[in-house]
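Reading through the structure tokens given below for one structure.
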Amino acid sequence: MRSIWKGEVSFGLVNVPVKVYSATEDHDLHARQVDKKDGVRIRYKKVRDDNGEEVEFSDIAKAYESEDGEMVILTKEELASLPVEQSHEIEVTEFVPADQVDPVAFDNAYFLEPASRSNRAYVLMREALESTDRLAICTFTLRNRTRLCAMRVYKDILMLQTLLWPDEIRPAILDGLDKEAKVRPQEVKMAASLIETMAADFEPEKYEDDYQLQLKELIEAKAAGGEAFTVEEREEASDDDGDDEVADLLAALRASVKDRGGDAESDDDDDDEDSSSKKKPAKKSAAKKAPAKKTPAKKSAAKKSTAKKATAKKTATKKSPARKSA
């Protein structure tokens with residue numbers, strides 16, 4: 001890797017010489033614009049707005065609009081003369097608890113490598129951050145921009161992660177949340193059970209970018225004169241139930257938990273008590289008769305009733321005529 005910045009991390013009277021490297025890279029396949037008739041590449045030209053004449057890249061400068069509307073041209077040398085551009089320092093301004101910086105603010109990530117013969121100061125900074133579980137909030141200038149960033153430990157490496165400025169994060173004003181739906185305690189508990197059955201340690205290497213893999217397959221297949229995906233595969237991939245709301249959310253959650261080998265039989269009695277007596281009189285009647293287990297015949301009937309109940313919950317979300325008549 002090639003470093004993109006060199007300088008020092010400074011906190012208090014301690015300076016840590018570092019080199020900065022980009023921690024991420026783009027793996028997407030990039031398309032070129034071509035003429036669809038014959039595939040000839042389309043290129044963009046830099047032209048003057050007044051007469052359409054092409055301008056060489058070396059003759060292009062940056063211009064900014066002043067407060068009175070005048071366009072002011074600034075050269076690279078003038079931009080490089082800004083005081084912040086002369087600073088080669090990552091200044092630590094404070095140390096904050098790690099959980100106080102919301103992940104939505106994180107932007108680009110950079111690795112920091114010790115740039116001196118002795119890396120004692122680098123290791124000290126890393127160990128101190130790890131032991132206190134804090135982030136170092138810093139400012140530094142990179143590519144003509146002052147950056148707000150957080151320095152943290154990532155796999156025994158000091159990582160610098162730029163942060164979005166507060167006004168760059170949009171307020172979460174969403175019309176769909178104006179009216180919040182009410183959920184029952186049994187639904188919350190069953191959803192928590194489903195989460196537990198799906199709990200695991202995060203291993204990002206298990207996941208793949210399906211779109212990029214399929215795009216490569218399509219490109220290679222078409223280059224060979226074939227077709228990557230059959231009509232049946234495309235129809236199967238596009239098969240969607242739509243945005244239909246689940247009528248019996250609790251039944252769907254229980255089925256999901258059971259499908260993953262979890263315990264889906266819980267709080268049936270509580271569920272019956274919370275249900276409306278007008279909507280489900282049959283269930284209340286069955287609940288009252290359940291304790292009576294004097295004869296084998298009644299016991300058998302109770303088992304049949306339970307079996308019917310379980311079967312009904314595994315069916316489609318709409319109530320069947322059988323359940324209504326029950």
Side-chain angles (χ1 to χ4, degrees), residues 1-7 9 18-36 38-46 57 60 90 98-99 101-115 122 126 129-130 135-166 168-170 172 195 198-240:
M1 289 191 294
R2 184 176 180 181
S3 64
I4 60 173
W5 191 91
K6 293 181 181 180
V9 177
V18 294
K19 295 180 182 178
V20 177
Y21 299 83
S22 293
T24 60
E25 60 184 0
D26 183 8
H27 70 194
D28 290 352
L29 296 174
H30 296 283
R32 294 178 177 177
Q33 291 190 329
V34 299
D35 191 324
K36 67 178 183 179
D38 51 17
V40 175
R41 187 174 179 181
I42 304 297
R43 295 186 178 276
Y44 288 100
K45 293 183 178 181
K46 305 289 185 180
F57 181 78
I60 297 175
I90 300 172
D99 59 1
V101 181
D102 195 284
V104 72
F106 287 125
D107 199 9
N108 297 322
Y110 301 93
F111 294 137
L112 299 185
E113 178 190 31
Y122 182 96
R126 184 189 68 198
L129 284 176
E130 236 176 358
L135 300 178
I137 302 301
C138 319
T139 57
F140 83 120
T141 303
L142 177 66
R143 297 175 182 141
N144 300 327
R145 282 190 60 189
T146 299
R147 316 276 175 154
L148 179 66
C149 52
M151 185 163 56
R152 61 190 181 92
V153 179
Y154 171 80
K155 295 183 178 180
D156 294 332
I157 299 172
L158 286 178
M159 171 178 278
L160 200 65
Q161 196 134 15
T162 56
L163 301 175
L164 297 173
W165 296 100
E168 292 180 310
I169 302 174
R170 293 178 175 178
I195 289 173
M198 300 176 67
D201 292 328
F202 181 50
E203 300 175 17
E205 58 274 4
K206 294 193 303 187
Y207 299 90
E208 293 181 328
D209 189 339
D210 291 337
Y211 178 80
Q212 293 298 319
L213 293 174
Q214 292 175 9
L215 180 59
K216 288 179 182 178
E217 187 176 345
L218 178 60
I219 292 170
E220 296 304 318
K222 192 162 185 180
E227 186 177 12
F229 305 101
T230 64
V231 176
E232 291 78 8
E233 287 174 326
R234 289 197 295 268
E235 288 178 351
E236 183 180 348
S238 62
D239 186 19
D240 192 357

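Residues take their numbers from the sequence shown, with the count starting at 1.
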Could you pull out all donor-acceptor pairs under 3.5 Å where a side-chain atom in residues 146-157 meets a protein atom, sequence neighbours excluded?
from : atom 1 : to   : atom 2 : distance (Å)
R147 : NE     : L142 : O      : 3.3
R147 : NH2    : L142 : O      : 3.0
R152 : NE     : Q161 : OE1    : 3.1
R152 : NH2    : Q161 : OE1    : 2.9

Residue pair F106 / V101, side-chain heavy-atom distance below 4.5 Å: yes

Are the side chains of V18 and L158 in contact, using a 4.5 Å heavy-atom criterion? no

Could you measure the distance from the [atom1] atom of [X] to the [atom2] atom of [Y]? Nearest 0.5 Å is fine.
X	Y	atom1	atom2	result
L213	L218	CG	CG	12.5 Å
D210	L215	CG	CG	12.0 Å
Q33	R43	CD	CZ	12.0 Å
L163	E168	CG	CD	10.0 Å

Give every donor-acceptor pair under 3.5 Å between a side-chain atom in residues 21-29 and any protein atom, sequence neighbours left out.
from : atom 1 : to   : atom 2 : distance (Å)
Y21  : OH     : E113 : OE1    : 2.5
D26  : OD1    : D28  : N      : 2.9
D26  : OD2    : H30  : NE2    : 2.8
H27  : NE2    : D209 : OD2    : 3.0
D28  : OD1    : Q212 : NE2    : 3.4

Please report the shortest heavy-atom distance between L112 and Y122, naming the atom on each side. O-OH, 2.5 Å

Identify the heavy atoms of L160 and C138 that sit nearest to each other, and give their distance. CD1-SG, 4.4 Å

Give the intermediate values and the outcome of side-chain contact (heavy atoms from CB on, under 4.5 Å) for residues L129 and L135. CA-CA 7 Å; L129 284 176; L135 300 178; over 6 Å; no

For F140, the ring pair (Phe, Tyr, Trp, His ring centres under 6.0 Å) test, sequence neighbours excluded, returns W5

